[in-house]
Chemist: 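So that we are looking at the same thing, I have put the structure below in structure tokens.
Atoms considered below: every heavy atom in the structure, side chains included; atoms not considered: hydrogens, waters and symmetry mates.
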Amino acid sequence: MLFNPEIEQLPLPQLRELQNARLKQQVAYAYARVPFYKQKLDAAGVHPSTFKGLVDLPKLGFTRKTDFRDNYPFGLFAVPETEVARLHCSSGTTGKATVVGYTAADLEIFAEVVARSLAAAGCRPGMKLQNAYGYGLFTGGLGIHYGAEKLGLTVIPVSGGGTERQLQLLQDFRPEILCATPSYAQLLAEELQRRGIAREAIHLQYAALGAEPWTETIRQQVETGLGVQATNIYGLSEIMGPGISQEDVNERGTGSYIWEDHFYPEVVDKDTGEPVAEGELGVLVFTTLTKQAMPILRYWTNDITNIYYDKSGSRTHVKMGPIRGRSDDMLIIRGVNFFHTQVEDVLSGLEHISPYYQVVASRRGSLDEVEVNVEVSQALMRELGLHTVTEAAIADHECLKILQHSFAQKLKDSIGLSMRVTLLGFGELPRSEGGKLTRVKDLRNLA
């Protein structure tokens, strides 16, 4: 379903005109109201009176995560604090939290793009949505909540975690829609099976999953385990929150539509910052086109992806591919660029291994090493009569030796790196409890 057909199917020449006009306004607005941007544009020799729009966009340089921290808490705001209707911030795992603000008009746009996204995900007015994103300072919970209400959905604001309660509400309230991180949706699917709860006991039809990278392997497991059609919803707090882009439920696997009337995307080379050709991988960069409280120009997201136009798609807006990883999370192992999502791609073709994994990078002397910890599937554990997997158990069971060797070989063939594979018992790796799941541990700088 198209929430706003006039905009979502706006012919590309008209969309470019709209973007160009809005970009000029946004640059002039930021220059006049945000000292950080006035100084930045002055240093670049750019003035709003001579700024030509999209063609001049690369002249502006980039806004980085450090700029948010350097201007903490409200230095990037373009309006007085009395005009800020809501504040959110990131978890701030390193250094100061990233603070973002919204005017009432910003919140209307926030709700509109989320409603647009949920409609693309298959949601219809009158359906019930169980919101398992965290409420509070994180943008996910409230962002989804108000967008769902704007679409005409009934919201069940359960928030993140509390798996027992989540499963009970899925059975009692029978929502058609689940919003959660992909790893938490995985956990719910696993718990349904472990507890012997039949899929027919719940009424889910759709799942809008986001806040962390995920792959077709995870989609397959979630769709099978929960009986849903699962789509990707993408966002980041610095630009707005969830609802910056969204997969169409009938075009799953072909990319997510970016709502270009509000967020102008670029993909640039991670080393040079120069734009790459359509379809090529690089760092995703966003410029807000309509933000009042905190206009952001060319934000370097660190997310690695590509963008392209799908002429057979249902909308005219550009699509973005899946997030392959983050430029700051990319591991360089013995000269090879490596993202943890590549492990998931290999897992998808293997039986007897659960979809959970953890990548550990370490250094022995001057040599980088990678260990991939994976779990033996619950079914194989039962068949072998094992409660855990030890070296002795692997020595006693030829099938475990073959499994370990075949996975290591597939990793090498696919990625080009030799990695040590460690088999664990089912359930030994961390599970998501509603938040983002850490898949990578880089111990090389801790020695």
Side-chain angles (χ1 to χ4, degrees), residues 15-85 87-90 92 94-103 105-106 109-110 236-241 244 258 260-276 282-303 307 327-328:
L15 181 58
R16 286 288 176 269
E17 287 180 19
L18 177 65
Q19 290 171 325
N20 216 45
R22 286 181 170 180
L23 177 61
K24 289 178 181 178
Q25 292 171 355
Q26 189 88 140
V27 167
Y29 180 80
Y31 185 89
R33 289 171 170 255
V34 184
F36 167 79
Y37 279 121
K38 183 180 188 305
Q39 182 179 3
K40 191 175 183 66
L41 268 61
D42 284 344
V46 176
H47 191 275
S49 62
T50 57
F51 181 72
K52 297 176 182 177
L54 296 174
V55 69
D56 280 346
L57 189 57
K59 296 180 180 179
L60 304 185
F62 299 104
T63 303
R64 307 269 186 169
K65 187 85 165 182
T66 52
D67 295 323
F68 284 81
R69 292 172 181 155
D70 291 345
N71 289 277
Y72 177 89
F74 307 135
L76 294 180
F77 284 14
V79 297
E81 292 175 42
T82 53
E83 294 180 24
V84 176
L87 293 170
H88 280 290
C89 67
S90 71
T94 57
K96 294 176 181 176
T98 298
V99 178
V100 294
Y102 307 79
T103 64
D106 291 335
I109 291 172
F110 194 179
L236 62 164
S237 299
E238 293 86 348
I239 299 301
M240 181 66 83
I244 291 174
I258 296 172
E260 286 190 84
D261 52 318
H262 294 294
F263 317 110
Y264 186 78
E266 303 170 82
V267 172
V268 302
D269 184 276
K270 68 179 183 63
D271 297 318
T272 67
E274 293 297 315
V276 301
V283 177
L284 185 61
V285 172
F286 274 113
T287 296
T288 62
L289 298 177
T290 53
K291 283 286 289 292
Q292 288 186 346
M294 199 175 73
I296 298 297
L297 307 179
R298 302 195 82 208
Y299 179 65
W300 184 282
T301 68
N302 269 327
D303 289 333
I307 59 176
S327 59
D328 52 351

Chemist: Can you tell me how far the CE atom of Met294 sits from the CG atom of Asn71, to the nearest 0.5 Å?
Modeler: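 Result: 10.5 Å between the selected atoms.
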Chemist: For Asn302 and Trp300, run side-chain contact (heavy atoms from CB on, under 4.5 Å): C-alpha distance rounded to whole Å, both residues' side-chain angles, the deciding distance at 0.1 Å, then the answer.
Modeler: CA-CA 6 Å; Asn302 269 327; Trp300 184 282; 3.1 Å; yes
Chemist: Keeping Arg22 on the side-chain end and His262 on the backbone end, is there a donor-acceptor pair under 3.5 Å?
Modeler: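 Checking the backbone N and O of His262 against the side chain of Arg22, no donor-acceptor pair under 3.5 Å is found.
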Chemist: Let me know which of Lys40, Gln39, Lys38 forms a side-chain hydrogen bond (donor to acceptor under 3.5 Å, both in side chains) with Asp42.
Modeler: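 Going through Lys40, Gln39, Lys38 one by one, the side-chain hydrogen bond (donor to acceptor under 3.5 Å, both in side chains) with Asp42 is satisfied by Lys38 alone.
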Chemist: Do Met240 and Ile109 make a side-chain contact, defined as non-hydrogen atoms from C-beta onward lying under 4.5 Å apart?
Modeler: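 The answer is yes, as the side chains (C-beta and beyond) meet within the 4.5 Å cut-off.
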Chemist: Looking at CZ of Phe68 and OG1 of Thr63, how far apart are the two atoms once the value is rounded to the nearest 0.5 Å?
Modeler: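 Going from CZ on Phe68 over to OG1 on Thr63, the span is 7.0 Å.
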Chemist: Are any of the side-chain heavy atoms of Val268 and Phe62 separated by less than 4.5 Å?
Modeler: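 They are in side-chain contact.
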Chemist: Would you call Arg16 and Glu260 a salt bridge, taking side-chain N to carboxylate O under 4.0 Å as the test?
Modeler: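 Judged by the 4.0 Å cut-off on N to carboxylate O distance, Arg16 and Glu260 do form a salt bridge.
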Chemist: Work out which heavy atom in Arg33 is nearest to a heavy atom in Pro35; give both atom names and the distance.
Modeler: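 Closest approach of Arg33 to Pro35, heavy atoms only: O-CD, 3.6 Å.
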Chemist: Taking atom CG of Asp261 and atom CG of Leu289, what is their separation to the nearest 0.5 Å?
Modeler: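 Answer for the CG-CG pair, Asp261 versus Leu289, is 8.0 Å.
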Chemist: Please tell me if the side chains of Leu284 and Ile307 come closer than 4.5 Å, counting only heavy atoms from C-beta onward.
Modeler: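 They are in contact (side-chain heavy atoms under 4.5 Å apart), so the answer is yes.
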Chemist: First locate atom OG1 of Thr301, then atom NZ of Lys65, and finally report the distance between them rounded to the nearest 0.5 Å.
Modeler: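 It is 10.5 Å, given to the nearest 0.5 Å.
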Chemist: Mind checking the CD-NE2 spacing from Glu238 to His88? Nearest 0.5 Å is all I need.
Modeler: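 Glu238 CD to His88 NE2: 13.0 Å, rounded to 0.5 Å.
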Chemist: CG of Asp67 to CG of Leu76: how many Å apart, nearest 0.5 Å?
Modeler: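 Asp67 CG to Leu76 CG: 7.0 Å, rounded to 0.5 Å.
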Chemist: For the side chain of Tyr29 and the backbone of Gln292, is there at least one donor-acceptor N/O pair under 3.5 Å apart?
Modeler: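 Flag set: sc Tyr29 to bb Gln292 pair under 3.5 Å.
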Chemist: Would you find a donor on one side and an acceptor on the other, under 3.5 Å apart, between the side chain of Asp106 and the backbone of Thr103?
Modeler: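 Such a contact is found between Asp106 side chain and Thr103 backbone.
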Chemist: Check whether any side-chain N or O of Asn20 sits under 3.5 Å from a backbone N or O of Leu54 as a donor-acceptor pair, and report yes or no.
Modeler: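 It does hold such a pair.
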Chemist: Taking Thr288 for the side chain and Pro295 for the main chain, is one N or O donor matched with an acceptor at less than 3.5 Å?
Modeler: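 No, Thr288 side chain to Pro295 backbone: no donor-acceptor pair under 3.5 Å.
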Chemist: Hey, which of Ile239, Leu57, Ile296, Leu60 is the one that makes side-chain contact (heavy atoms from CB on, under 4.5 Å) with Thr287?
Modeler: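 Considering Ile239, Leu57, Ile296, Leu60, a side-chain contact (heavy atoms from CB on, under 4.5 Å) with Thr287 is found only for Leu57.
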Chemist: Shortest non-hydrogen contact from Lys52 to Asp56?
Modeler: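 The answer is N-OD2, 2.8 Å.
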Chemist: Do Tyr264 and Leu23 have side-chain heavy atoms sitting under 4.5 Å apart?
Modeler: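 A side-chain contact under 4.5 Å is absent here.
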Chemist: Is the Phe110 ring parallel, tilted or perpendicular to the Tyr102 ring (thresholds 30°, 60°)?
Modeler: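 Judged by the thresholds at 30° and 60°, the geometry between Phe110 and Tyr102 is parallel.
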Chemist: Do the side chains of Asp303 and Phe286 get nearer than 4.5 Å, heavy atoms only?
Modeler: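 Of all side-chain heavy-atom pairs linking Asp303 with Phe286, none is under 4.5 Å.
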Chemist: For the pair Lys24 (side chain) and Phe51 (backbone), establish whether a donor and an acceptor sit closer than 3.5 Å, ignoring hydrogens and angles.
Modeler: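 Looks like no, no N/O pair under 3.5 Å.
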Chemist: Quick one: do Tyr299 and Phe263 satisfy ring pair (Phe, Tyr, Trp, His ring centres under 6.0 Å)? Show the steps, please.
Modeler: CA-CA 11 Å; Tyr299 179 65; Phe263 317 110; over 10 Å; no
Chemist: Apply the test side-chain contact (heavy atoms from CB on, under 4.5 Å) to residues Leu41 and Val27: give CA-CA distance (whole Å), side-chain angles for both, the deciding distance (0.1 Å), then the verdict.
Modeler: CA-CA 9 Å; Leu41 268 61; Val27 167; 3.7 Å; yes
